[in-house]
Novice: 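Got a structure for you, written out below as structure tokens; questions coming shortly.
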Amino acid sequence: MARIDPATQEALLERVRFYRDLGLTEFYRRPVDAALLAQLAAEPIAQPSSPIPNQDQGMGAPGLASETWDSASQTQTLHEDEATSPRRPVSAPPQVAAAVPASGHAAALQIIRDEIGDCTRCALHKGRNKLVFGDGDPNARLMFVGEGPGADEDAQGMPFVGKAGQLLNNMINAMGLKREQVYIANVVKCRPPGNRTPEPEEGNTCSPFLFQQIDVVRPQVLVALGATAATYLLGTRQPLAGLRGRVHAVRGTQLIVTYHPAYLLRDPRQKKEAWADLQIAMRELGLKLPAKG
Ligand code: URA
């Protein structure tokens, strides 16, 4: 048997676990031979890039209106993962598509929208009023990805227009940006009944359209809002706590993982943590960080 170093071994084990979660169990019941290990080792494994320490979490973003964005929160007590992680596996994201020139981004997004059409690919269409494709600047440097439309979004056909959307707007403004300057989309385009987490077959059916949107917009920084977005973007389910506070490489862009605004509405103390995540995004984008106070 070939000798492998502990880091490679752990990476291989992680990959085996991933396949096991997908239901592919046969290959690891067979004796694992050197050729298989070598083959697995040669395959690319999605790894987080450079860990970045949390920045000063005492810095406050401006306090704002009803869905107030105020980072003066306390220590972490709840894990969003418990509420929103899919329990069953997600598909590995497909290959990154070839770049579309900036002048063609809007038209390319329209082609994706047309391709989705009056979608009946999964059961979510049955309860849909309006399909929620995405919103914002087709050439945005920053893109946010949520889970799926809620009642307000389903009524208006636009992502993040309800209470969580107001908070997201305030978060964007605190970064020194306007909502029109970013692009926003969801893992699923139709509202799950009762705002439940999308089932894997729903997320797996719809998320390829999200990947196409990302490949067209090609943002410099992606922000996954919550565990569901992080799971589908990374193609692997991991606790949110372990994904926050660093930059991941996804589809040729940098991915930051943070809490979903709906979760922050339920537990405002976590806003401080989310603000630390957003500051990582700001740093990657070269945006002016607030003075330490
Ligand atoms: N929550 C989401 O994940 N997406 C929306 O568009 C609205 C609420």
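We count ligands from 1, going down the list as the structure has it; atoms in each ligand are counted the same way.
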Novice: Start with the C-alpha gap between D152 and K163, add the side-chain angles, then the distance that decides, and say whether salt bridge (charged side-chain N to carboxylate O under 4.0 Å, His left out) holds.
Specialist: CA-CA 9 Å; D152 296 300; K163 280 201 163 197; over 6 Å; no

Novice: Using a 4.0 Å cut-off on heavy atoms, what residues surround ligand 1? Order them by chain and number.
Specialist: G146, E147, G148, E153, P159, F160, N186, H260

Novice: Between E273 and R244, is the closest basic N to carboxylate O distance under 4.0 Å?
Specialist: yes

Novice: Under the rule for side chain to side chain contact (heavy atoms under 4.5 Å, CB included), what residues qualify as partners of N139, not counting sequence neighbours?
Specialist: A102, H105, D137

Novice: Excluding sequence neighbours, so at least two apart, what forms salt bridge (Lys or Arg N to Asp or Glu O under 4.0 Å) with R141?
Specialist: none

Novice: When you compare the side chains of D267 and Q270, does any donor N or O come within less than 3.5 Å of an acceptor on the partner?
Specialist: yes

Novice: Could you note down all residue pairs passing salt bridge (charged side-chain N to carboxylate O under 4.0 Å, His left out) where residues 95-121 supplies at least one of them, sequence neighbours left out?
Specialist: E115-R121, D118-R128

